[in-house]
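Here the structure is a predicted model, which is why all the values come from computation and not from measurement. Throughout, protein chains are lettered first and strands after them, A, B, ... in sequence-line order, and every chain is numbered starting at 1.
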Protein chains: 2
Amino acid sequence: MNSPADAYNPADYDRPSVTVDIVIFSLLDAQLKALLIKRKLWPYEGYWAIPGGFVEMTESLEDAAYRELKEETNVDRADVYLEQLRTFGKPDRDPRTRVITVAYVALVGADKLQNPRAGDDAADVGWFSAYKPPRLAFDHHHILKHAVTRLRYKLEYSAVGFQLLPELFTLRELQQAYEIVLDETLDKGNFRSKLRKSKVVEAVKLYRQTGGRPARLYRFKDDAVAEVKARRLFP
Amino acid sequence: MNSPADAYNPADYDRPSVTVDIVIFSLLDAQLKALLIKRKLWPYEGYWAIPGGFVEMTESLEDAAYRELKEETNVDRADVYLEQLRTFGKPDRDPRTRVITVAYVALVGADKLQNPRAGDDAADVGWFSAYKPPRLAFDHHHILKHAVTRLRYKLEYSAVGFQLLPELFTLRELQQAYEIVLDETLDKGNFRSKLRKSKVVEAVKLYRQTGGRPARLYRFKDDAVAEVKARRLFP
DNA sequence: TAAATAGTGTCTCTTAGACAATATTAT
DNA sequence: ATAATATTGTCTAAGAGACACTATTTA
C-alpha cells in the first residue's frame with residue numbers, strides 16, 4: 001500500500017487536467033524520427049514518452065505547444081511547422097487522474113536542431129524511428145501512430161514536406177524526404193515534372209557537389225503555400 | 001457591479017473546464033442545416049449556440065459527445081456519424097472561466113429526426129442554414145465554419161455523405177445531397193459512372209415514383225466503408 | 001402525342017506512371 | 001573513357017469532364 005499511486009487521489013479533482021503533447025518529427029540518418037523523453041517518475045517510470053506538459057490558464061493551446069517545443073528542442077516558432085493532431089481523453093489513459101491531452105504534430109528541419117544526434121548518448125531524451133519506436137508510456141503509441149498517418153496524408157496533399165528540409169535543398173534530397181515519409185520509391189522523372197508544374201519550388205543559382213554532375217539547389221516558394229493547400233502534390 | 005459576471009471568479013480555478021460541442025448537420029428543405037440552441041443565460045444570453053456540455057470525469061470525450069447528441073436530438077449512436085473536429089482553447093473564448101472545448105461533427109439523416117422542423121416553431125432549438133447561420137455565441141461561428149469545411153472535404157474523399165440520407169435513396173437524391181454540401185452542380189452521367197465504379201452503393205428491387213420514369217432505389221454498401229476511406233470519390 | 005425524369009454511352013483532353021535519352025561532373 | 005549523378009523528354013493507359021443519346025413513366 002506504499003505505492004506512489006497513493007499520492008494521487010482522483011476524487012480531489014472534479015475537473016480534468018489538460019495537457020499538450022507534441023510529436024516532433026525530423027529526418028535524421030535518412031529516417032523519419034520522433035523526439036521522445038524518458039520518464040523519471042511514476043507512472044510508466046523509465047518508459048519513453050512523447051514530450052508535453054500542462055496547459056497554463058492564460059496561454060492558448062497553440063502557445064502551450066510552442067512553449068513545450070522550445071523547451072525540448074530550443075527551436076523557435078518561426079523555424080517549425082506545427083499543427084493540431086487531435087485530442088485524446090479516455091478516462092483511464094493516465095492512472096493518476098483524468099488527463100485530457102491535445103496532441104500536436106511538429107516538423108523540424110534537421111538543420112534547425114543544435115544536437116541532432118543527442119539521442120545516441122543522452123539518457124533521457126532522444127530521437128527514435130517513428131515507425132518502430134520503443135515501448136511508450138500511456139496511450140502514446142496510439143498518438144504516435146496517428147501522427148505518422150497524418151504526416152503521410154499531409155505530405156501527399158500539401159507542400160508541408162519542405163518543413164523537414166533545410167532552406168536550400170536539391171530535388172534529389174526532396175524526393176528522398178518524400179520517399180522516407182511515404183515509405184515508397186518514387187519515379188525520378190515523374191517526381192520532377194510534377195514539382196515543376198506545381199511551382200512550389202524555385203531554383204537558386206547555387207549547386208551542390210555530388211559524386212557526379214552537381215545538383216542545382218532549390219528553395220521552397222513561400223507564396224505558393226496557400227495555393228497548394230487544396231491540391232494533391234503526389235497522388 | 002451587479003453584472004452576472006460577478007458570480008464567476010476565474011481565480012477560483014486552476015484547471016480549465018472541458019466541454020464537448022457538437023455541430024449536428026442534416027439535410028432539410030434541400031439545404032445543409034445545423035442544429036443550434038438559444039442560450040438563456042449570461043454570457044451571450046439570447047444568442048444561438050452550438051449544443052454542447054461539460055465532459056464528466058468518468059466518460060470519454062466520444063461518450064460525452066454521443067450523450068449530448070442524444071439529449072438534443074434523441075438519436076442513438078447507431079444512427080449517426082460522429083467524428084472529432086478539433087479542439088478550441090483560446091484563453092478568452094469564454095468570459096466566465098477558461099473553457100477548452102473539443103468540437104465534434106455529427107451527420108444525421110433527416111429520417112432519423114423526430115421533429116425535423118422543430119426550428120420553425122420552437123423558440124430555443126432549431127435548424128439553421130450552415131452557410132448563413134445567425135450570430136453565434138462564443139467562437140461558435142469559427143467552429144461552424146471549420147465544421148462545414150471538414151464536411152465538404154470528407155464528402156469528396158470518402159463515402160460519408162450517405163449518412164445524410166435515409167437508408168434507401170435514389171441516385172438523384174444522392175447527387176442532390178452532394179450538390180447541396182459541395183455547393184456546386186455535378187454532371188449526372190459522370191456522377192453515376194463514378195458511383196458505379198466505386199461500388200459503394202447497391203441497387204435494391206424497389207422503385208420510387210417520380211414525375212416521370214420511376215427511379216431505382218439504392219442502398220449504401222456497409223462493407224464498402226473501409227475500402228472507400230482512402231479513395232477520392234469525387235475529385 | 002408531349003413532358004418529365006431515369007439511365008447509359010461517347011468523345012476529348014489531361015495526367016499519372018513507366019521508361020528512355022541526354023547532360024555534366026569526377027576519376 | 002567510365003562511372004556517377006542530374007535533368008529532361010516520350011509514350012501509353014486511365015480517368016475526368018463535357019455532352020448527347022436512349023428508356024420509361026405520367027398526363
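- A cation-pi geometry, defined here as NZ or CZ lying under 6.0 Å from the six-membered ring centre and within 45° of its normal, does not hold between A:Arg216 and A:Tyr218.
- The aromatic rings of A:Phe138 and A:His140 sit tilted relative to each other, their planes meeting at an angle between 30° and 60°.
- To the nearest angstrom, P of C:dA6 lies 13 Å from CZ of B:Phe191.
- Here B:Lys188 does not reach the OP1 or OP2 of C:dT8: none of its side-chain N or O atoms lies under 4.0 Å away.
- Under a 4.0 Å N-O distance rule, the pair A:Arg152/A:Glu156 does not qualify as a salt bridge.
- The distance from atom OG1 of B:Thr149 to atom NZ of B:Lys154, rounded to the nearest 0.5 Å, is 14.0 Å.
- Spacing between atom CD of B:Gln209 and atom C1' of D:dT26 amounts to 10 Å, rounded to whole angstrom units.
- Rounding to whole angstrom units, CD of residue A:Glu173 and C1' of D:dT7 are separated by 16 Å.
- An OP1 or OP2 oxygen of D:dT7 is reached within less than 4.0 angstrom by a side-chain nitrogen or oxygen of A:Arg192.
- Separating the OH atom of B:Tyr207 from the C1' atom of D:dT26 is a distance of 17 Å, rounded to the nearest angstrom.
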Q) Would B:Lys70 and B:Asp63 satisfy salt bridge (Lys or Arg N to Asp or Glu O under 4.0 Å), going step by step from the backbone distance to the final call? A) CA-CA 10 Å; B:Lys70 174 85 177 173; B:Asp63 285 344; over 6 Å; no
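- In this structure, the CG atom of A:Leu195 is 15 Å from the C1' atom of C:dA16, given to the nearest Å.
- Between B:Gly212 and B:Tyr218, the residue anchored nearer the 5' end of DNA chain C, judged by the nucleotide with its closest heavy atom, is B:Gly212.
- Atoms CD (B:Gln175) and P (C:dT5) sit 14 Å apart, rounded to a whole Å.
- The listed nucleotides are C:dT8, D:dT25, C:dT5; the one nearest the side chain of B:Pro214 is D:dT25.
- Not a single donor-acceptor pair, N or O on each side, falls under 3.5 Å between the base of C:dA16 and the side chain of A:Asp187.
- When rounded to the nearest whole Å, the span between NZ of B:Lys194 and C1' of C:dG7 equals 17 Å.
- Between A:Ser193 and A:Thr210, it is A:Thr210 whose nearest contact on DNA chain D lies nearer the 5' terminus.
- Remark: P of D:dG15 and NZ of B:Lys197 are 6 Å apart, rounded to the nearest angstrom.
- Close to C:dA4, at under 4.0 Å from its OP1 or OP2, lies no side-chain N or O of B:Arg213.
- Among the nucleotides D:dT25, D:dC19, C:dA16, the one closest to any side-chain atom of B:Asn190 is D:dC19.
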